[in-house]
Amino acid sequence: MDFLSDLNPQQREAVTAADGQVLVLAGPGSGKTRVLTHRIAWLIREQRIPPYHILAVTFTNRAARVMQERVQNLVEGSLEGIWLGTFHSQCAKLLRREEDLLPFKRNFVIFDEDDQLSLVKKAIHELNLDEKLYRPGGVLAAISNAKNQLILPEEFPARNYREEAGRKVYKLYQEKLEQNNALDFDDLLLWAVRLLADHPDRRDAYAHKFEHVLVDEFQDTNLAQYELLKLLCGYHGNIFVVGDEDQSIYRWRGADYHNVLRFEKEYPDCRKILLEQNYRSTRTVVETARAVIDRNTQRTHKNLFSERGEGLKITLYEAMDDHAEAAYVVDTIAQLISTKEVPGSDLAVMYRTNAQSRLLEEAFIRSGMPYRLVGAQRFYGRREIKDVISYLRLASNPADEISLTRAIGVPPRGIGDKTLTTLALAAQKAGVPPGEVLLDLGRSADASRFWAEFKGRGAALLADFGAMLTNWQKLAAEAALPALFDAIIADSGYQAYLVDGSEEGDIRWENVMELRRLAFEFQELGLVPFLENLALVGDQDTIPEQSDAPTLLTLHAAKGLEFNTVFITGLDEGFLPHSRSRDDPEEMAEERRLFYVGLTRAKDRLYLVRAEQRSGYGAPEWSSPSRFLDDIPASLVTRKGISEKSGKPAHKTEYFTTWTLDRNRNASQEPVEMKYKAGMRVKNENWGEGMVVDARLQDGEERIDVFFDSVGFKRLIASMAKLEIIGEGK
DNA sequence: AAGGCCCTTCTTTTT
DNA sequence: GAAGGGCCTT
């Protein structure tokens with residue numbers, strides 16, 4: 001059919017491959033998504049496979065959405081019935097269908113990382129372990145690891161006391177999840193595998209259903225996902241996986257690109273197809289990327305090539321410090337946009353860690369240029385959002401103690417630790433979740449069998465809260481989602497609590513209203529799908545698609561995207577590669593892949609940026625160039641910045657670091673450098689411009705008096721006030 | 001019970 | 001340089 005005509009021979013071979021196992025190893029920019037979408041379309045259009053016989057899984061919601069849209073464009077009919085989504089969402093779907101066989105109810109909630117951590121802490125405390133010795137984060141990571149490898153608490157290694165403690169926490173943690181009628185992310189996969197492995201009839205039913213299984217980003221699968229796929233394609237044996245070992249960057253989350261090799265071994269007859277032509281980038285970009293990735297061993301060597309022209313040389317800019325680095329990036333972007341060489345939307349700035357976005361953002365704000373930031377301050381991670389969600393979760397699932405604790409405390413309603421402890425004890429004694437005790441108190445107040453457990457005030461307060469909850473639960477079952485939402489806001493007094501006259505309060509309230517709009521969109525589907533969506537949809541999906549502003553994002557978030565021009569910042573040892581991977585060759589190889597992913601996002605222009613000095617925690621430290629830079633052939637690079645022979649750097653930090661006042665340190669130990677003198681013109685974000693009237697050293701601080709043009713006289717501590725010197729005066 | 005202050009402790013990446 | 005935890009005060 002003609003929809004295959006825009007494919008190259010390898011792509012077409014993959015798309016039209018006969019039944020059986022197909023492994024497509026696709027280099028960056030080689031048309032991986034195109035192959036996947038055309039394959040699905042081909043199955044439906046040419047092979048007459050009904051959509052409900054197809055399962056296609058991705059890792060991100062964004063990828064799933066893109067795939068759905070593109071397939072829809074290729075297929076005339078409806079895709080109704082297709083199982084297309086992330087591993088986690090498809091597993092949730094499966095588990096909600098099969099609740100009868102599982103130790104939790106259909107309305108289970110999905111615990112995010114914060115919830116998980118709370119639960120682990122509880123478990124550690126209950127086992128009388130020392131939080132200092134058994135770090136909740138570390139223990140949780142070990143548990144998550146175990147789950148990714150399908151290791152249950154009973155099978156968790158206990159070769160020493162420490163591991164034994166870990167096993168106990170794991171076991172208790174699982175019991176608590178069950179009591180809370182909750183699953184964590186890993187559980188979604190783990191329980192799906194267990195369900196199919198333990199119930200052959202269910203396994204066969206699904207294996208028959210899914211005539212074709214397709215997988216995106218196969219190199220990022222963990223063992224649980226691998227096993228799940230194996231179970232699901234066990235009858236027809238039609239599994240089509242697409243991946244690239246060189247783009248495996250989720251090892252820390254259990255991903256194991258060796259699954260590619262495992263796949264080849266497991267299915268010796270599998271058809272293996274390499275996609276090596278890169279349609280995205282110039283030859284210079286591709287050569288650069290190749291030079292970097294070829295240093296990694298243990299991979300299927302690919303001969304990535306581009307037939308686009310040679311293109312521009314890449315730029316390596318070395319700045320004095322991280323402020324100058326940000327200034328360079330923003331200035332260069334401003335130039336590219338103003339000369340219309342590149343539209344803002346086709347520019348991206350990438351970095352290793354989210355923390356590195358701060359200076360860049362500040363530089364953008366200072367320049368007055370718009371930008372969009374991916375990830376970082378999660379919408380769903382905001383306090384006010386978590387608060388409201390905790391009410392909703394509680395209404396949906398009163399067994400959720402994490403939400404109960406949160407909801408009962410905000411706004412403050414006189415219920416403190418002591419009352420909560422009593423509540424927990426009463427619940428334990430009666431063998432019901434604390435939520436049930438609350439509901440009972442709410443329904444019958446002093447006639448409740450629990451009333452006597454609490455002393456006067458506590459009982460009344462709990463009963464009040466319980467009455468609210470009873471009402472919400474009723475609304476959750478009977479009313480539409482927006483009605484429940486409004487009732488919760490009204491009953492809890494949350495609006496009055498948030499909106500306190502401050503600007504921050506208004507912003508927070510706006511966010512709550514944003515959540516309400518989202519709830520509106522889910523009124524057809526209802527509360528449980530709404531909550532599931534909140535848990536499984538990340539922030540990448542909430543960013544507006546249309547925007548002409550440059551994008552700031554981590555290298556991880558950049559996977560799967562492409563931009564005309566890419567800046568990769570922080571190319572210094574300890575940052576990229578990150579210091580935490582210094583001693584582990586496997587980790588180091590992954591850092592290299594991460595860099596490779598960043599490089600291959602660029603179509604035309606690539607800027608690599610580093611700084612001689614950058615601040616890690618507090619004070620600035622000297623840094624040395626990333627080792628990865630050594631691997632790039634000098635012939636492809638134009639060097640700029642302090643390494644230029646010409647002498648002075650093109651960019652100098654024209655604003656200085658405002659260091660915070662360290663109150664613990666005796667001021668006299670640290671001589672304060674006087675920066676201001678009378679007559680200088682200065683500028684502050686809030687007060688605008690002004691003139692320094694007086695500057696003096698007092699109590700170990702530089703104190704200055706400034707007369708601002710708009711607001712008049714202010715007495716300031718220099719190190720605290722965010723001032724910018726805009727003129728030296730006389 | 002709740003809010004404020006100071007101290008410590010980290011920081012990778014996220015479905 | 002932020003955020004959470006512990007301790008103090010009201």
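Lettering of chains follows the sequences in order, A, B, ..., and the numbering in each one begins at 1.
- Nucleotide B:dT15 holds its P atom 16 Å from the CD atom of A:Q90, rounded to whole Å.
- Aromatic stacking is marked for A:W252 over B:dT13, as both cut-offs hold: 5.5 Å for the centres and 30° for the planes.
- Using a 4.0 Å cut-off, no side-chain N or O of A:N61 falls inside it from OP1 or OP2 of B:dT15.
- In this structure, A:L594 places its CG atom 13 Å from C1' of B:dT14, rounding to the nearest Å.
- One finds the CG atom of A:L536 at 4.0 Å from the CD1 atom of A:I110 (value rounded to the nearest 0.5 Å).
- The distance between atom CD of A:Q116 and atom C1' of B:dT15, rounded to the nearest whole Å, is 11 Å.
- Taking atom CG on A:L373 and atom P on B:dT14, their separation rounds to 11 Å, with Å as the unit.
- When the side-chain nitrogen and oxygen atoms of A:N222 are compared with OP1 and OP2 of B:dT15, none of them lie within a distance under 4.0 Å.
- Between A:L117 atom CG and C:dG4 atom C1' the separation is 11 Å, expressed in whole Å.
- The aromatic ring centroids of A:Y170 and A:Y173 lie 6.0 Å or more from each other.
- When each of A:H323, A:E621, A:E325 is paired with A:R614, the side chain to side chain donor-acceptor pair (under 3.5 Å) condition holds for A:E325 and for no other.
- Counting only heavy atoms from C-beta on, A:P412 has its side chain closest to B:dG3 among B:dT14, B:dG3, B:dT15.
- Within 4.0 Å (heavy atoms only), A:T419 reaches sugar-phosphate atoms of the nucleic acid but no base atom.
- Applying the 4.0 Å criterion to OP1 and OP2 of C:dG5, one finds that A:K121 has a side-chain N or O inside that range.
- OP1 or OP2 of B:dT13 has not a single side-chain nitrogen or oxygen of A:R253 nearer than 4.0 Å.
- Straight-line distance from the CD atom of A:E586 to the P atom of B:dT13: 21 Å, rounded to whole Å.
- Relative ring orientation between A:H556 and A:Y250 is described as tilted, the plane-to-plane angle lying within the 30° to 60° band.
- Ion pair A:R610/A:E612 flagged as a salt bridge, since at least one NZ, NE, NH1 or NH2 atom sits closer than 4.0 Å to an Asp/Glu carboxylate oxygen.
- Note: CG (A:L420) to C1' (B:dA2) measures 14 Å, nearest angstrom.
- Residue contacts shown for A:E587 include a base, since a base heavy atom lies under 4.0 Å away.
- Map A:E591 and A:I415 each onto its nearest nucleotide of DNA chain B; the residue landing nearer the 5' end is A:I415.
- Relative ring orientation between A:Y391 and A:Y494 is described as perpendicular, the plane-to-plane angle rising above 60° on a 0-90° scale split at 30° and 60°.
- Residue A:S89 places none of its side-chain N or O atoms closer than 4.0 Å to OP1 or OP2 of B:dT15.
- In this structure, the CG atom of A:L534 is 15 Å from the C1' atom of B:dT15, given to the nearest Å.
- The residue A:R413 sits close only to the backbone: its heavy atoms come under 4.0 Å of sugar-phosphate atoms, none of a base.
- Residue-level contact check: A:F59 touches the backbone only, with heavy atoms under 4.0 Å from sugar-phosphate atoms and none from bases.
- A residue-by-residue look at A:R580 and A:G409 shows that A:G409 has its nearest nucleotide of DNA chain B further toward the 5' end.
- Here A:E590 lies out of heavy-atom contact (under 4.0 Å) with every strand.
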